[in-house]
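Throughout, protein chains are lettered first and strands after them, A, B, ... in sequence-line order, and every chain is numbered starting at 1.
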Amino acid sequence: MCAFYLPGGGVSEDIEQFREEVRVFIREALPDDLRRKVRREHAGFTPADTSRWMRILHERGWSCPSWPVEHGGPGWSFEQQYVFERELALNDAPHVSVFSAGMVGPALIEFGTEDQKERFLPGLANGDIILCQGYSEPDAGSDLASLKCRADRDGDDYVINGSKIWTSDATWANWMFGLFRTDSSGRKQHGITLLLVDMATPGISVHPIPTFEGGEELNQVFFENVRVPGANRLGPEHEGWSIGKYILSLERFGSAEVSRTMAMLDRVREIAAREPLRDGYLIDDADFSKKLVRAGIALRQVELTERRLLFAADDLGAEASLLKIKGTEVQQQVISLMVEALGPYGQLDPEDMSARDNAPLPDAAHHAGKVCFNLRKSTIWGGSSEVLRNIIARSVLELRS
Amino acid sequence: MCAFYLPGGGVSEDIEQFREEVRVFIREALPDDLRRKVRREHAGFTPADTSRWMRILHERGWSCPSWPVEHGGPGWSFEQQYVFERELALNDAPHVSVFSAGMVGPALIEFGTEDQKERFLPGLANGDIILCQGYSEPDAGSDLASLKCRADRDGDDYVINGSKIWTSDATWANWMFGLFRTDSSGRKQHGITLLLVDMATPGISVHPIPTFEGGEELNQVFFENVRVPGANRLGPEHEGWSIGKYILSLERFGSAEVSRTMAMLDRVREIAAREPLRDGYLIDDADFSKKLVRAGIALRQVELTERRLLFAADDLGAEASLLKIKGTEVQQQVISLMVEALGPYGQLDPEDMSARDNAPLPDAAHHAGKVCFNLRKSTIWGGSSEVLRNIIARSVLELRS
Amino acid sequence: MTEGLTDDQKTFADSLDRLLTDTLPFARRQAAVATPGGFDEDVWRQLVELGCMAAAFPEEHGGLGGGPEELMIIGEKFGRHLVTGPFLASVVLGGHAVLFADSDAWKARVLPGVAGGTKKLALAWVERQARHDLHDVATSVRAANGRWVLSGRKDVVPGGAQADVIVVSARASGDRRDRDGIVLVAVPADAPGVVRLDERAHDGNRVSTILLDGVEVDETQLLTTPDRGLAVLERVIDHAIAYVCADAAGSMWQVFETTLEYLKTRQQFDRTLGSFQALQHRLVDLYIDCELSWSMVLDATQALDTPQRRHAVSSAKVAVGESARRVAEEGVQLHGGIGMTMDVPVGHHLKRAVVMNASFGDADHHLGLLASSPVSRESNHV
Amino acid sequence: MTEGLTDDQKTFADSLDRLLTDTLPFARRQAAVATPGGFDEDVWRQLVELGCMAAAFPEEHGGLGGGPEELMIIGEKFGRHLVTGPFLASVVLGGHAVLFADSDAWKARVLPGVAGGTKKLALAWVERQARHDLHDVATSVRAANGRWVLSGRKDVVPGGAQADVIVVSARASGDRRDRDGIVLVAVPADAPGVVRLDERAHDGNRVSTILLDGVEVDETQLLTTPDRGLAVLERVIDHAIAYVCADAAGSMWQVFETTLEYLKTRQQFDRTLGSFQALQHRLVDLYIDCELSWSMVLDATQALDTPQRRHAVSSAKVAVGESARRVAEEGVQLHGGIGMTMDVPVGHHLKRAVVMNASFGDADHHLGLLASSPVSRESNHV
């Protein structure tokens with residue numbers, strides 16, 4: 001397990017030139033309102049904002065960094081993709097659509113029919129298609145594979161009945177990629193089929209589930225005799241579990257959120273440099289400055305490990321789960337530090353605060369609390385830390401229960 | 001679970017007078033060499049030292065604080081016992097024998113025959129009897145009840161064959177109280193019998209197991225046809241498990257080690273006040289002083305909770321396990337802090353150091369490292385933290401596995 | 001030596017718990033938070049009737065003669081039931097500021113009303129540059145033409161929106177961070193020059209920014225002399241800390257108990273979640289946190305009128321604050337997705353814990369106070 | 001952009017691992033620790049033959065032309081196998097002090113011997129009043145009658161007992177804590193006025209107190225000028241930190257792997273311990289600690305000759321030091337009683353971790369360095 005493998009850390013001229021090119025572009029192309037939302041820790045940020053940014057990137061040919069050239073990707077090296085993602089974050093730009101560019105696009109390129117590629121890839125690349133993910137179900141929780149939402153064969157079509165839950169941004173999405181039960185006779189991982197569902201199909205209703213901090217991204221989606229053409233099936237019938245997991249693994253790849261956390265940590269520093277303490281500022285405080293250093297070290301550990309694992313990508317397995325476990329942990333640590341930095345103002349609910357002219361806080365701080373609460377989800381969704389630890393125990397440590 | 005119960009914290013004149021009486025006695029009666037060993041975190045402290053101290057206390061009538069007057073105890077209130085234990089620690093005196101005064105004495109008083117009380121109580125009280133505990137076995141680990149060391153009936157006697165392990169101080173002890181298998185037919189908790197075994201009986205051999213820090217308290221004890229009179233059985237045959245557990249629960253009572261840790265924390269402060277840092281001393285350092293405060297708070301939480309639970313003793317159950325879990329944790333935290341306080345000198349092995357005249361360290365520091373290593377045992381023995389969590393989960397939280 | 005609560009206190013605690021269980025189920029609590037005032041006026045009236053407002057005040061001021069223990073009882077129940085409203089603001093902060101200060105006239109004027117539920121007070125002490133330091137006071141009160149003029153700005157004033165009278169810490173003399181020269185001033189909320197900007201805190205309570213633009217006050221409104229102001233303020237804040245620790249502890253117990261219940265019933269992987277050992281051990285740690293924190297609450301409460309006050313209170317704030325946060329975060333995590341939703345209480349307990357940590361000094365602040373106090377250096381040896 | 005080790009480096013690592021597996025099983029390691037020198041002379045000779053002493057030195061000084069990566073490889077293996085002996089002292093500290101300092105004569109005089117295994121060096125820098133500060137130097141070197149006189153006391157000198165030559169940091173000018181005015185002085189261990197008191201560290205290695213009582217040295221023994229001494233010392237110590245981090249990481253991997261193996265076989269409650277989910281999750285955390293720490297080791301190693309050196313090295317020291325301690329403590333705990341025994345390696349890994357944390361500055365020290373460095377304040381934003 002202890003590979004002597006040095007992470008890519010060196011700095012070539014080429015890559016620095018590329019980095020500069022990306023920076024210049026972002027500075028010119030990024031609309032101010034989007035930048036402001038990102039700087040406010042993405043508070044109020046919606047899939048429509050992502051779409052707008054995707055369109056801008058798409059014009060430059062950069063909206064789908066990992067796609068091959070023949071499907072409209074920029075043909076970047078892995079390192080270029082890595083630098084691109086970092087520069088987006090450090091220049092307060094939104095990242096590219098995780099679902100479209102990062103997950104479903106690559107899965108379509110890998111497993112889709114030619115017809116599917118033609119129908120979907122352009123819309124995924126230019127932001128026209130806004131996706132939501134239909135995996136979770138009310139009674140399944142972390143036990144994803146026990147899903148029950150049925151898709152019954154009817155001629156060439158499937159007819160879906162049941163419900164999906166925790167569906168992020170379902171009110172914005174025009175398509176869903178979802179896992180549905182097509183056979184209940186075998187073990188639970190068998191008999192699952194992955195379908196692309198037009199959200200405008202009759203029989204779909206979306207019910208928002210507000211989160212406790214006031215967010216509205218979550219929904220429950222109900223299906224009542226929703227008819228989906230067989231041509232929208234990705235991969236073989238009943239074999240959707242492995243494709244679904246493949247797609248999830250693509251998510252887990254960038255799920256350490258190193259770049260975003262790095263940008264957040266910068267904003268904590270900004271705040272600490274402005275918040276008064278005794279006769280100086282918080283950033284000069286022995287304790288707080290060391291907390292910042294500690295958070296920086298923790299983040300650096302994740303970053304370096306991510307680089308080490310990603311750049312040795314060919315045999316990247318369940319080890320990558322550790323990146324999500326630790327990356328989300330560090331992110332929660334950093335956003336909590338932001339709230340702490342605000343001192344007594346850390347108790348304020350931002351809704352009213354941001355409306356006020358005389359708000360005493362730096363711009364970046366306005367939504368710290370809300371985002372702090374919202375980010376509790378990171379260790380729950382996309383594979384909870386508990387489930388990921390189970391996976392590592394089983395797959396990497398080869399422990400049996 | 002949330003009892004509105006205020007811990008005894010008030011200070012009555014009577015109890016302060018008692019406290020003063022204890023202090024005066026200790027100051028006069030405690031031999032210098034014992035005091036020195038205790039101040040060196042008990043390094044080199046042996047059961048013979050405890051015996052010596054028990055004899056001194058016994059002359060004053062104080063060697064068995066919890067025993068009723070009719071069996072030679074001082075007849076103290078619970079609070080007096082509590083104060084007595086605290087004052088021993090804070091005046092660098094050894095505590096009374098846990099096995100003799102704290103565990104086996106009370107169990108004999110509760111369950112013993114008149115003959116047994118007559119034969120054993122005086123020796124337990126005056127330090128003549130040095131006990132060791134024969135519970136653990138090589139293949140049982142934390143699963144105590146799966147013990148196999150046999151005691152077969154032969155007329156009025158039992159004949160013991162097998163082995164006990166992790167037996168503290170077996171080389172010093174003249175008696176063992178042990179659990180032995182007298183019946184293997186039922187569930188494992190049945191068929192266990194508690195016997196008092198004269199360590200001079202032929203067939204007993206004691207093999208020391210050095211601990212990694214160099215300590216020699218641990219042993220494996222082998223039994224080959226060791227004959228024990230039936231009169232040395234405590235409680236009914238086959239029913240030793242519950243008495244054994246009762247004895248263990250008496251241990252868990254004081255196992256939070258609050259008093260000892262309090263004295264240790266004082267010594268960390270002493271060291272920090274002497275260790276140079278920049279132009280001052282370590283104790284003035286913002287970080288280290290806060291670490292001391294944190295350790296103090298952690299200890300106070302255990303102390304207050306101990307008081308709260310102990311003074312409401314009638315229904316004290318598995319909740320008390322939390323005292324051992326947290327008490328040992330805090331103790332390990334404090335002794336680690338002591339090692340940290342020593343700076344570069346924290347790496348020195350004390351054996352040679354204490355022999356040197358020009359040792360740069362305060363007396364109390366000489367054995368910090370060794371004791372730090374030795375105290376790793378606290379979370380393993382006497383109910384490992386893991387087993388205690390299982391117990392709380394089952395008994396207090398009523399969770400089933 | 002050990003004392004439990006009196007029978008009266010136990011009866012009071014039980015009645016309060018029953019009242020809140022009956023009248024403030026979570027959905028109604030949520031509806032109350034969404035109202036302009038942020039609390040349920042009807043429930044508030046019943047709390048007044050039960051004696052919550054009067055419980056901790058002396059009988060001579062219209063109270064029931066209780067003290068810190070009554071505040072603790074109320075805090076624990078309010079934390080459990082996520083009660084909002086200006087209890088902390090009016091009774092604990094404003095009311096006790098007047099009670100501990102030196103103006104008999106003001107005690108007579110406002111305390112009976114507070115105790116009887118007809119008047120609300122507030123205490124305004126936070127300033128932008130002060131962070132958590134009570135003695136860092138820039139708001140000034142200066143003699144001018146036989147009267148006094150109060151100028152400055154106070155932030156995050158709990159219950160400022162509802163208060164009839166606001167007690168303000170102000171500097172009568174000395175430099176900004178001097179410990180001497182601070183007075184407490186009673187200011188009617190409708191006095192000319194008082195401007196209030198209302199905001200809300202994460203826990204649903206209302207807090208205000210109070211701008212004081214040359215507010216004229218007379219000598220009788222100065223509740224303390226300049227050498228007494230800080231001592232009174234510190235004593236009030238310590239009472240408030242003990243109270244919010246009790247509140248946080250109640251909240252923790254509630255999170256622990258509901259999480260435990262949830263995991264006992266929630267099925268996943270064909271078992272109850274509560275049967276997974278890794279989760280069991282984490283529940284045990286929550287339980288331990290609750291027990292340990294409760295001890296600190298009791299200790300701080302008992303110490304309020306003793307020389308150990310400062311030490312016990314700061315210790316409790318650190319220990320309980322951090323535990324409350326940790327327990328609530330774990331509660332959300334162990335609930336899984338459902339823990340993230342608006343309609344399940346656990347997330348709101350987390351908000352309450354975050355507010356509690358940001359109020360009255362965070363852990364670093366209190367660790368600093370403790371580290372620099374001589375008590376922390378003292379040996380327990382004699 | 002990404003580089004793994006060279007094939008030669010891999011071969012070297014494998015050979016070293018095989019050598020240690022074959023020649024230094026744990027029982028023999030324990031026997032070696034009990035000898036007066038604290039290490040196995042025979043194994044040492046084979047390490048010399050394999051090129052360990054020469055690996056990191058330039059060829060012109062009798063080395064094999066390697067550098068930090070070779071030290072990392074050796075550290076990782078030595079940590080795994082709990083190797084004792086003066087490698088850190090002689091090669092990493094003493095050898096690199098001479099290598100980085102400015103005396104070609106001394107390089108020629110001692111480095112080939114160090115690389116060839118015929119000479120041993122040491123570095124003496126710790127002083128009683130300095131705690132972890134490298135620039136706090138009271139030991140003085142003063143010109144007198146055309147020669148120089150060295151006086152003072154150095155503590156906890158690794159390998160002092162075996163050294164032929166000891167490199168000593170000494171103050172030529174300025175006040176005790178000035179960053180300027182420090183020189184490195186090469187002192188033969190048998191020079192008149194040098195008194196050595198040998199002790200042992202918890203990890204079985206030997207360390208010494210070195211008393212310097214008016215030791216006469218000549219100009220040629222001053223390895224640096226007074227404006228260079230601290231920079232050289234800091235560079236050497238940073239190399240040593242990267243090395244001990246690699247050592248600690250190897251130790252962690254070893255603890256993790258053996259604990260995992262043990263829990264897979266050890267039966268309790270009629271199951272293997274490794275089947276208990278609570279223990280599984282803790283093993284996973286050990287595994288994660290190992291992976292994260294290894295990344296920091298690689299980073300520090302790669303940064304040694306770059307401007308990022310100080311930042312990467314201090315970060316690694318904090319992260320790896322704390323993880324090594326935690327992993328070893330968990331290793332002991334998860335082993336249960338058997339983990340406490342002398343004849344099982346896990347406790348000795350804990351000792352090694354404690355020594356590592358006490359050496360070259362503890363976490364607080366390095367956090368302080370990082371917090372006060374401008375790099376830590378810099379935004380990643382451009």
Is any side-chain heavy atom of [X] closer than 4.5 Å to a side-chain heavy atom of [Y]?
X	Y	value
D:Val332	B:Ile380	yes
D:Arg128	B:Glu275	yes
D:Met342	B:Glu216	no
B:Trp166	D:Ile338	yes
D:Met340	B:Trp381	yes
B:Ser336	D:Arg325	yes
B:Gln347	D:Val156	yes
D:Thr341	B:Thr211	no

So how far is it from [X] [atom1] to [Y] [atom2], rounded to the nearest 0.5 Å?
X	Y	atom1	atom2	value
B:Phe212	D:Asp343	CZ	CG	13.0 Å
B:Asp285	D:His365	CG	NE2	12.0 Å
D:Leu350	B:Cys372	CG	SG	7.0 Å
B:Asn390	D:Phe276	CG	CZ	7.5 Å

Greater than 12 external heavy atoms within 6.0 Å of [X]'s [atom1]:
X	atom1	value
B:Tyr281	OH	no
D:Lys264	NZ	yes
B:Asp183	CG	yes

So, the side chain of B:Asp349 versus the backbone of D:His202: is there a donor-acceptor pair under 3.5 Å, distance only?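 Such a contact is absent between B:Asp349 side chain and D:His202 backbone.
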
Tell me if a side-chain donor or acceptor on D:Gln333 pairs with a main-chain N or O of B:Thr379 at a distance below 3.5 Å.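 Looks like yes, one N/O pair under 3.5 Å.
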
Of the backbone (N, CA, C, O) and the side chain (C-beta and beyond), which part of [X] lies under 4.5 Å from a heavy atom of chain D, both, or neither?
X	answer
B:Arg389	neither
B:Glu340	both
B:Leu282	side chain
B:Ala145	neither

B:Lys291, B:Arg278, B:Lys377: which one forms the most heavy-atom pairs within less than 4.5 Å of chain D? B:Arg278

Heavy atoms only, distances under 4.5 angstrom: which of B:Gly343, B:Pro344, B:Pro210 has the most pairs with chain D? Name it, please.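 Heavy-atom pair counts peak at B:Pro344.
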
May I ask you to establish whether D:Arg131 and B:Tyr345 are in a cation-pi arrangement, using a distance under 6.0 Å from NZ or CZ to the six-membered ring centre and at most 45° from the ring axis?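 Output no; distance or angle outside limits.
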
Carboxylate-amine/guanidinium proximity below 4.0 Å for B:Arg376 and D:Glu330: no

Greatest number of non-hydrogen atom pairs under 4.5 angstrom with chain B, of D:Val354, D:Leu367, D:Val126, falls to D:Val354

Under 4.5 Å, counting heavy-atom pairs only, tell me which of D:Lys351, D:His348, D:Gln129 racks up the most with chain B.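 Ranked by contacts with chain B, first place is D:Lys351.
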
Result block: side-chain N/O donor-acceptor pairs under 3.5 angstrom for residues 392-401 of chain B, not counting sequence neighbours:
from: B:Ser395; atom 1: OG; to: B:Ile391; atom 2: O; distance (Å): 3.1

Taking every non-hydrogen atom, the tightest pair across [X] and [Y]:
X	Y	result
B:Gly346	D:Ala358	C-CB, 4.0 Å
D:Glu199	B:Leu348	OE1-CD1, 3.8 Å
D:Asp364	B:Phe288	OD2-N, 4.5 Å

Less than 4.5 Å to any heavy atom of chain B: does that hold for the side chain of D:Glu127, its backbone, both, or neither?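 Just its backbone gets close to chain B.
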
Just do the side chain to side chain contact (heavy atoms under 4.5 Å, CB included) check on B:Glu386 and D:Arg282 with the steps written out, would you? CA-CA 11 Å; B:Glu386 291 77 16; D:Arg282 285 163 66 178; 2.8 Å; yes

